[in-house]
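First up is the structure itself, then whatever we jot down about it.
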Amino acid sequence: MFLALRDLRFARGRFALMGAVVALIAVLGVLLSGLASGLADAGISGLRALPLTHMAFDEKATSEQFSRSTVEQRDWQTWSRTPGVERAEPFGNTLANAQVTQGAKKAEQVNLAVFGMAPDSPLAPTPTKGEGLKEGSAGIVITREIADLGVEIGDVLTADKSEVRLEVVGLVDDNISYGHIGVVYADLDTWRHLHYGLPGDLPEAVSRQATAVALTLKPDADVAAAEKATGTRAETKEATFNASPGYEAESSTMALIKGFLYVISALVVGAFFTVWTIQRKPEIALMKALGAPTGYILRDALAQVVAVLVAATALGTAVGLALGSALIGKAPFSLSAPAIATSSGLLIVLGTMGAVVAVRRITAVDPLTALGATR
Amino acid sequence: MTTPATDPRAAAETDRSGGLRLHDVSLTLGDGDTAVTALDHVSLTVAPGEFVAVVGPSGSGKSSLLAVAGGLQRPTSGTVHVAGTELTALSDKERTAARLRHIGFVFQQSNLLASLTVKEQLLLPLHIAGRLDAAARARADELIEAVGLTHRTGSRPHQLSGGERQRAGLARALMTSPAVLLVDEPTSALDRVRSAEAVRLIAEQTHERSTATVMVTHDTAIMDAADRVYEMVDGRLS
């Protein structure tokens with residue numbers, strides 16, 4: 001980097017301008033990554049937290065399965081008898097509206113993403129405060145998002161329509177949500193009351209239903225046979241994320257914006273180094289005439305590109321992290337180290353690729369032009 | 001276990017006796033109807049320590065002579081020897097290496113790199129050669145003193161006058177102890193007094209450092225300092 005470093009210092013104004021563009025894109029990259037992780041957390045952190053490998057939905061439900069699918073008792077029983085299936089148990093999922101009827105925040109309206117499960121199942125929550133679910137009781141375990149509204153252990157919520165009384169018995173002090181709504185855990189019968197909007201005793205047919213079969217499969221599980229026997233289709237845990245409302249649209253929108261950002265950044269860097277290299281042509285010809293191999297000049301130029309990109313991206317990432325930390329809690333935003341590292345890394349890699357196209361011109365410069373025009 | 005024969009510096013020193021030898025060199029530029037004969041059967045031998053001037057109008061082939069002698073361009077026919085190495089027999093890569101090792105160029109208007117100080121201009125060829133050491137720095141200081149630029153060591157080209165730039169260019173060309181020094185129109189940007197000074201300095205360094213020096217110019221007023229003067233007309237040397 002003999003010449004590259006000195007060029008950086010000498011033409012610092014121009015490099016600073018270009019670096020500022022890259023740095024700003026890096027800031028945007030961090031914020032978008034944070035927003036994407038935040039949206040993902042708000043959308044599916046409840047599903048992510050469940051200890052399972054697959055979920056089996058009614059095969060007739062092909063999209064938004066969590067609101068469309070219904071499975072029967074015999075389905076999870078068949079699944080649990082299938083070889084290679086470690087665990088199969090009913091899982092209920094529904095969105096419900098309720099009102100605080102007893103407690104400090106009386107009359108406060110809350111939205112609930114209700115996850116129903118057997119209290120003795122591994123799916124059931126381990127509360128950080130209070131108690132867990134109990135069979136045959138209408139107790140629910142809330143998560144932080146609901147607690148942040150002022151709902152406390154001991155409060156009573158009453159569901160709209162079904163008028164079911166829900167007593168808050170425990171709290172999982174974590175941001176766990178589904179479809180941007182805070183999760184509450186309930187036993188299956190309570191979930192059924194809420195899902196079907198039925199007060200009092202449940203009809204016989206309904207009391208054997210759930211939304212999906214939560215599965216823990218070994219690699220050799222005979223999935224096809226069980227699917228056929230039950231009329232369900234098993235999806236991996238990650239695939240179920242797309243079954244949650246809006247998640248796929250959100251994540252693909254964010255991916256599209258990020259993709260454009262990387263392309264723009266690569267083009268800006270490529271354009272800058274194209275102009276820079278063309279401007280440097282006489283100096284490149286001179287270096288070649290002096291006896292510099294093309295490889296020497298290329299290495300020098302690429303080292304410069306990488307130095308500028310790394311410095312600008314590091315600066316932008318730092319600023320982005322500072323801004324992002326201030327956003328946490330005010331927006332669906334969470335900082336995930338792998339996502340930010342990927343975003344910053346891609347910025348550097350794609351920027352370098354853009355610049356490689358530009359500095360390749362170095363190979364074509366003819367040292368003869370160093371001798372001047374009078375020939 | 002470095003034997004003198006494999007050490008490039010030692011090789012350069014021992015082969016200095018070779019000087020520059022062009023034998024029956026022709027160069028045709030373009031082809032078909034637009035073909036131009038830039039060099040027409042040119043032969044020229046310059047011994048170490050000898051200062052040869054080539055004068056001629058623009059378009060006479062002077063720059064082509066430098067391009068071929070300096071290994072920037074392959075002649076259509078004929079051979080070029082520099083410091084005992086036959087340039088015309090080398091690949092493009094090897095010619096680039098030979099330029100670095102054996103040939104010093106002083107370009108028109110000196111052609112310095114904008115971002116480098118005078119001293120860094122001198123160090124660059126040795127950095128390219130991978131031999132940027134304390135000895136190189138000492139040699140740079142010595143050459144800067146020899147061309148009278150000690151007070152300008154840390155200046156960049158835009159802070160130098162035309163004459164100072166030319167002297168920096170000469171010092172850079174001498175950094176690698178070249179066997180052959182090729183000078184292209186050294187006075188095109190200088191007034192008469194400074195031109196004479198610049199050429200006197202080239203002559204002095206040629207004799208002191210035993211380089212085989214060829215200077216091409218259209219300025220007939222500066223030939224007095226040369227040991228021999230040739231005239232170039234339509235690609236022929238006389």
Side-chain angles (χ1 to χ4, degrees), chain A residues 1-19 272-273 275-305 307-308 359-360 362-375, chain B residues 27 29 36 38 56-67 70-73 92-93 95-105 107-117 120-121 123-130 132 156 158 169 172-173 175-176 178 182 184-185 188 216-218:
Chain A
M1 283 235 287
F2 187 86
L3 183 60
L5 266 182
R6 289 163 177 85
D7 274 350
L8 277 180
R9 232 177 300 152
F10 190 68
R12 55 184 166 267
R14 269 168 284 175
F15 280 102
L17 263 178
M18 200 265 314
F272 174 85
F273 280 99
V275 174
W276 173 246
T277 308
I278 290 172
Q279 197 186 343
R280 252 171 28 103
K281 248 172 140 167
E283 296 203 343
I284 294 164
L286 171 73
M287 301 239 291
K288 286 189 173 184
L290 289 178
T294 302
Y296 172 91
I297 308 172
L298 276 176
R299 272 197 306 279
D300 196 62
L302 280 179
Q304 186 178 57
V305 169
V308 171
V359 301
R360 262 197 343 199
I362 288 171
T363 37
V365 174
D366 186 352
L368 204 52
T369 53
L371 270 184
T374 48
R375 304 186 58 235
Chain B
L27 177 69
L29 300 173
V36 177
S58 43
S60 62
K62 304 186 307 280
S63 287
S64 290
L65 181 71
L66 284 194
L72 290 174
Q73 200 163 26
D92 286 0
K93 258 206 172 113
R95 264 193 296 142
T96 304
R99 272 208 300 280
L100 183 59
R101 187 180 305 166
H102 299 305
I103 297 165
F105 274 110
F107 298 98
Q108 247 184 79
Q109 292 161 32
S110 77
N111 238 337
L112 301 175
L113 293 156
S115 68
L116 303 188
T117 65
E120 288 163 350
Q121 308 277 351
L123 296 178
L124 178 64
L126 290 189
H127 185 264
I128 295 171
L132 189 50
R156 296 204 164 74
H158 65 92
R172 178 180 63 194
M175 260 313 271
T176 51
L182 301 173
D184 185 22
E185 303 276 8
S188 60
V216 305
T217 180
H218 65 271

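Each chain gets a letter, A, B and so on, in the order its sequence line appears, and its residues count up from 1. Bear in mind the structure is a predicted one, so any value in this text is a computation, not a measurement.
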**Item:** Contact listing (chain B partner; residues 292-302 of chain A; heavy atom under 4.5 Å)
**Value:** A/Ala292, A/Pro293, A/Tyr296
**Prompt:** Hey, which of B/Leu113, B/Thr117, B/Leu116 is the one that makes side-chain contact (heavy atoms from CB on, under 4.5 Å) with A/Arg6?
**Reply:** B/Leu116
**Prompt:** Given the options B/Pro125, B/Ala114, B/Ala98, B/Ala97, which has more heavy-atom pairs under 4.5 Å with chain A than any of the others?
**Reply:** B/Ala114
**Item:** Close side-chain approach of B/Phe105 to B/Asn111, heavy-atom, < 4.5 Å
**Value:** no
**Prompt:** In terms of heavy-atom proximity below 4.5 Å to chain A, should B/Leu123 be classed as side chain, backbone, both, or neither?
**Reply:** both
**Asked** Would you call the rings of B/His158 and A/Phe10 parallel, tilted or perpendicular, where under 30° means parallel and over 60° means perpendicular?
**Response** tilted
**Asked** Highest number of heavy-atom pairs under 4.5 Å with chain A: which of B/Asp92, B/Thr96, B/Leu132, B/Leu65?
**Response** B/Thr96
**Item:** Residue pair B/Glu185 / B/Lys62, side-chain heavy-atom distance below 4.5 Å
**Value:** yes
**Message:** Once salt bridge (charged side-chain N to carboxylate O under 4.0 Å, His left out) is applied, do any residues pair with B/Arg156, and if so which ones, sequence neighbours excluded?
**Reply:** none
**Item:** Those residues that, when tested against B/Arg99, pass side-chain hydrogen bond (donor to acceptor under 3.5 Å, both in side chains) (two or more places apart)
**Value:** none
**Prompt:** So, does B/Arg95 use its side chain to make a donor-acceptor pair with the main chain of B/Gly71 at under 3.5 Å?
**Reply:** yes
**Request:** Find the one option among B/Leu100, B/Ile128, B/Leu182 whose heavy-atom pairs under 4.5 Å with chain A are most numerous.
**Result:** B/Ile128
**Message:** Applying salt bridge (charged side-chain N to carboxylate O under 4.0 Å, His left out), can you list everything that pairs with A/Glu283, at least two apart in sequence or on another chain?
**Reply:** none
